[in-house]
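Heads up, the thing below is written out as structure tokens.
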Number of protein chains: 2
Amino acid sequence: MKTVLNPTKERILSAAELLFAETGIATTSLRRITGRARVNLAAVNYHFGSKDGLIDAVYERRLGPVTDEWLANIEALENRYGESPAPVEEIVEAFVLPVARLASDEVRGGRIFMRLLAQGYSEARHYFEKLFSSQYQHVLDRYRQALRQDLPHVPSDTLCWRLQFLLGAMTQGLSGGELLRLIEGKADPKDTERAVRELIPFLVAGLRAEPPPESEERSYGLSTVSADPGEIA
Amino acid sequence: MKTVLNPTKERILSAAELLFAETGIATTSLRRITGRARVNLAAVNYHFGSKDGLIDAVYERRLGPVTDEWLANIEALENRYGESPAPVEEIVEAFVLPVARLASDEVRGGRIFMRLLAQGYSEARHYFEKLFSSQYQHVLDRYRQALRQDLPHVPSDTLCWRLQFLLGAMTQGLSGGELLRLIEGKADPKDTERAVRELIPFLVAGLRAEPPPESEERSYGLSTVSADPGEIA
DNA sequence: GTCTATAGAGGGATAGAC
DNA sequence: GTCTATCCCTCTATAGAC
């Protein structure tokens, strides 16, 4: 267990993760983090160099293992099925489960981190751009190609859109979000096992759906691309 | 047009919206906002009372019309179909279109605001809680009940989960997100008309999907609810 | 590796002239 | 309604003792 190796570092990381998720990154000061972690203020700069260094470390600790699992899972599928297409269900599972495992593992940060993840990219943009360009994009592409093989009736760019929908639904669904509570259901947002069980058929059906007709048989009357709104609009 | 009535207020709102979406709320200072709006620093406090007041106004300006449309649309459906169930396609359209109209309307803030919205609740939690408890929850509930009628094979709590997935997919899909760019597709994230055309069948198929079996015929081995992680974990 | 003390920058808000 | 000047606060980061 890494947790044992350097208690101070881990304490800072866990406190930071929790506070970031609860109140946002920018509004969380190093003073509050070190206070909660019961560690000296200067320790952050000693161990992580700066607040930015700490932010990177918070993300790295959780997302590193996930991308590793993603890669391992897709490779296992590729090896198992060879040239023949793997079924969509299994591909979706291979993608969702690593994230779900993270979400359900309270010891490893669990849903706290998922909330941080769902919170968006604007606060940690530089980290996400680094991550995407290095590994994420490549992994996602292999999932997309695997899906294509079992979905010959779905055009390539429709599949791109659907992948984006998938990412949105998955992140929202596994973050144990505030949203669910407000839909007034008996559903327990903390039940990750249940969330996955619901999520998989929803996503599979969405991916399998008949693609929309090419023709403009039906227009929603939404401007496609309008002029630059300008400085003030 | 409200835009004409008070130029200064509108300039501040638009500048704030843009900067909030680009770099987050907390990191955007009133100095940067007023600088971009070419308005005096003190104007914010004069017109909005405080930075919090400004944040509320930014959300209110966009979300007010959306919730109004949501309500009008669901009422139109209820009146048109009476006791017999409205088809899922129309219900989903009635829900997605108001948001899509906002996203596609550059003059009204468009995708800039959608990005702000997708960014999550943590930065503007107090505003969302106010909104949810007053109108949003009630409106969402009527959509849920309409869906139930046309989806008798879907249990009530499964539907709750699916609504959450729907919200995640919609928000992500209409935010013109950075994500799509990275999936290496020819899809243009700015094409809202296209986004909606893709989104509707995806969501409808997901909502219509056969619900997962109740029994534990298949477990993902994810802990359901574990102990409180404690202060530090 | 841990702590105290502080430098140095930037933030929100306001008083008061115009 | 708009502007300048300024108060007072909190923040990150670091220097230097232990």
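In what follows, chains carry the letters A, B, and so on, assigned in the order in which the sequence lines appear, proteins first and then strands, with residues in each chain numbered from 1.
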Once you round it to whole Å, what is the distance between [atom2] of [N] and [atom1] of [X]?
X	N	atom1	atom2	answer
B:Leu41	D:dT6	CG	C1'	11 Å
B:Arg11	D:dT2	CZ	P	11 Å
A:Leu30	C:dT4	CG	C1'	16 Å
B:Leu54	C:dA13	CG	C1'	14 Å
B:Ile25	C:dG12	CD1	P	13 Å
A:Arg32	D:dT10	CZ	P	13 Å
B:Asn45	C:dT14	CG	C1'	8 Å
A:Lys9	C:dT2	NZ	P	11 Å

Can a donor-acceptor pair under 3.5 Å be found between the side-chain atoms of B:Arg31 and the base atoms of C:dG10?
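By the distance-only test, no, there is no pair.
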Determine, using ring centers only, whether B:Tyr136 and B:Trp70 are less than 6.0 Å apart.
yes
Does any donor atom in the side chain of B:Arg111 or B:Thr192 lie under 3.5 Å from an acceptor atom in the other side chain?
yes
For B:Asp141 and B:Gln145, does a side-chain donor sit closer than 3.5 Å to a side-chain acceptor?
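The criterion, which ignores hydrogens and geometry beyond distance, is satisfied for B:Gln145 and B:Asp141.
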Residues A:Arg61, A:Glu17: salt bridge by 4.0 Å N-O rule:
yes
Lys/Arg N to Asp/Glu carboxylate O, B:Glu75 vs B:Arg142, below 4.0 Å
yes
Heavy atoms only, 4.0 Å cut-off, all strands: where does A:Ala43 land among base, sugar-phosphate and nothing?
nothing
Report which part of the nucleic acid B:Thr27 touches: base, sugar-phosphate, or nothing (heavy-atom distance under 4.0 Å, all strands).
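No contact.
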Closest nucleotide among [options] to the [X] side chain:
X	options	value
B:Asn40	C:dC3, D:dA13, D:dT4	D:dT4
B:Lys51	C:dA13, D:dC3, D:dA13	C:dA13
A:Tyr46	D:dA5, C:dG1, D:dT14	C:dG1
B:Ala42	C:dA13, D:dA15, C:dT14	C:dT14

Do any side-chain nitrogens or oxygens of A:Ser29 fall under 4.0 Å of OP1 or OP2 in D:dT10?
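Checking A:Ser29 against D:dT10: no side-chain N or O falls below 4.0 Å of OP1 or OP2.
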Indicate whether OP1 or OP2 belonging to C:dT2 is found under 4.0 Å from a side-chain N or O atom of A:Thr8.
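Checking A:Thr8 against C:dT2: at least one side-chain N or O falls below 4.0 Å of OP1 or OP2.
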